[in-house]
Amino acid sequence: MSGSPVWHAFTQHGLGEPIPLVTHAEGAALFTADGRRIVDAISSWWVTTHGHCYPRVMEAIRAQTGKLDQLIFAGWTHEPAEEVARGLTAIMPPELTRVFFSDSGSTCVEVALKMALGYWANRGEARHRIVVMEHSYHGDTIGAMSVGARGVFNAAYAPLLFDVGRVPFPGEPQAALDALEAECRAGAAAFIVEPLVLGAGGMLMYGPLLLAEMRAICEAYGTLFIADEVMTGWGRTGTLLACEQAGVAPDLLCLSKGLTGGALPLAVTMASEPIWDAHYSTDRSLTFFHSSSYTANPIACAAAAENLAVWREEPVLDRAAALGVRQRDRLAALEGHPAVANPRRCGTIAAMELGGGDAAYLSDLGPRLLAHFREAGVLLRPLGNTVYVMPPYCIGEDDLDAIYAAIRSAADAIAAGRFS
Ligand SMILES: *Cc1c(COP(=O)(O)O)cnc(C)c1O
């Protein structure tokens, strides 16, 4: 063995690509041990909303470390968790009355799936089929992978994954709605979907009208509607939740990433009263059986409570709206470039394909683009040849310009045949 013993996430170490060492961060900037300043154009994998080391969130974390570090959350409670739960129920759809804590996006999805099946099992009805949308991503644990797109990421584990119903991505809206209706009519237990933007599937976007229609179909057949807003929540799409734009409330809501402003790992699954009721009993066999050691960790909850205070007291949605406009203008400037296809935007998220429509994740273009952006001092991590820009809302004009200059020079190189 040589070098670091660290085995990195989603990294093919055999390619020998450099792994920068980051020492500190502020706002939209990362600073490396070798003295470089890198623009974080993807919010460190979609988590950082207000900016890195947001001072009042850091201060809340420091204050909590002097009081309570960790507590069993089965049958015990603490003020930061109570505060987060109260704060969430005050700003999320009123139908979502209950808050269950966990520690990552994948885990809050697992919890939502288990709550959906528990709901039907505890009511004595045999509904257990889960329906999903083509190209969706819900996390990397076995259950979350089962409800996500199948492909190179999970081919080796396919024998462990459970069977689900799949509806097409609504590029063909009627086909998607018909497929969903057929699954619901056949008694599907739940439909899980990323509202408005399918993130890891390639920043694929669809409109709020379709989301509302899908919700209505589920409602008509009693199929539970699970909104995975792990990425789309916290202002990314221009509203607190993407679901708001469709005027819909889910039965189960998954939140993580921006829940702490991106500072610490924490997640919640919010549930409607009927789902709580199905588990509420003096019969212990109807308990919701789920926990992890760090469920509702007090320090993470203190960060989330402060994030909620930021949302109450600061103009976060105005910042997101302003970022959306700046993204729109820069995207428009790339329109018509021979190597730029399908430029699109939803709220603060901008995306496009470079060098043609083939978005295969393992396309050779991916590593070349990565190297190009790294050299330009920009943290962009394309999904195949889909390049997307999802920065913290505090990003400055110069940094946004640097991101788009790097994208333009990559597009120019592709158009000139220098990348193939
Ligand atoms: C990132 C993501 C997840 C998984 O979250 P982790 O914290 O990485 O486990 C689940 N769903 C969606 C939509 C995501 O974008």
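Along the sequence shown, residues are numbered consecutively beginning with 1. We count ligands from 1, going down the list as the structure has it; atoms in each ligand are counted the same way.
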Note to self: Applying side chain to side chain contact (heavy atoms under 4.5 Å, CB included) to V131 and V164, what does each step give before you reach the verdict?
What the structure shows: CA-CA 6 Å; V131 183; V164 295; over 6 Å; no
Notebook entry, point to check: In terms of ring plane angle, is the pair F73 and F101 parallel, tilted or perpendicular, where the classes change at 30° and 60°?
Noted result: perpendicular
Next item on the list: Using a cut-off of 6.0 Å, state whether more than 12 heavy atoms not belonging to E17 lie near its atom CD.
Entry: yes
Next item on the list: For R236 and S43, test the side chains for any donor-to-acceptor distance below 3.5 angstrom and give the result as yes or no.
Entry: yes
Margin query: If you measure every N or O of W46 against every N or O of ligand 1, does any of those distances drop under 3.5 Å?
Written below: no
Next item on the list: Number the atoms of ligand 1 from 1 as they appear, then name those within less than 4.0 Å of a heavy atom of M231, with their elements.
Entry: 15 (O)
Checklist line | Polar side chain donor-acceptor pair, Y388 to W46, under 3.5 angstrom | finding: yes
Check: Among all protein non-hydrogen atoms, which one is nearest to atom 8 (O) of ligand 1, and what is the separation to 0.1 Å?
Finding: S106 OG, 4.5 Å
Notebook entry, point to check: Which atoms of ligand 1 sit under 4.0 Å from any heavy atom of S104?
Noted result: 7 (O), 9 (O)
Notebook entry, point to check: Which ligand 1 atoms does H138 reach within 4.0 Å, using its non-hydrogen atoms?
Noted result: 10 (C), 11 (N)
Item checked: Structural part of K257 in contact with ligand 1, heavy atom criterion under 4.0 angstrom -> side chain
Notebook entry, point to check: Nearest heavy-atom pair of L266 and A296: which atoms, and what distance?
Noted result: CD1-CA, 4.2 Å
Next item on the list: State the atoms of ligand 1, each with its element, that fall below the 4.0 Å cut-off from a heavy-atom position in E194.
Entry: 13 (C)
Note to self: Measuring from atom 5 (O) of ligand 1, which candidate in G139, A144, G148, G105 has the nearest non-hydrogen atom?
What the structure shows: G105
Margin query: Are F419 and H372, when compared by the centres of their aromatic rings, separated by less than 6.0 Å?
Written below: yes
Checklist line | Any N/O pair D228/ligand 1 closer than 3.5 Å | finding: yes
Notebook entry, point to check: Looking only at heavy atoms, is any part of W45 under 4.0 Å from ligand 1, and if so is it the side chain, the backbone, or both, or is it neither?
Noted result: neither
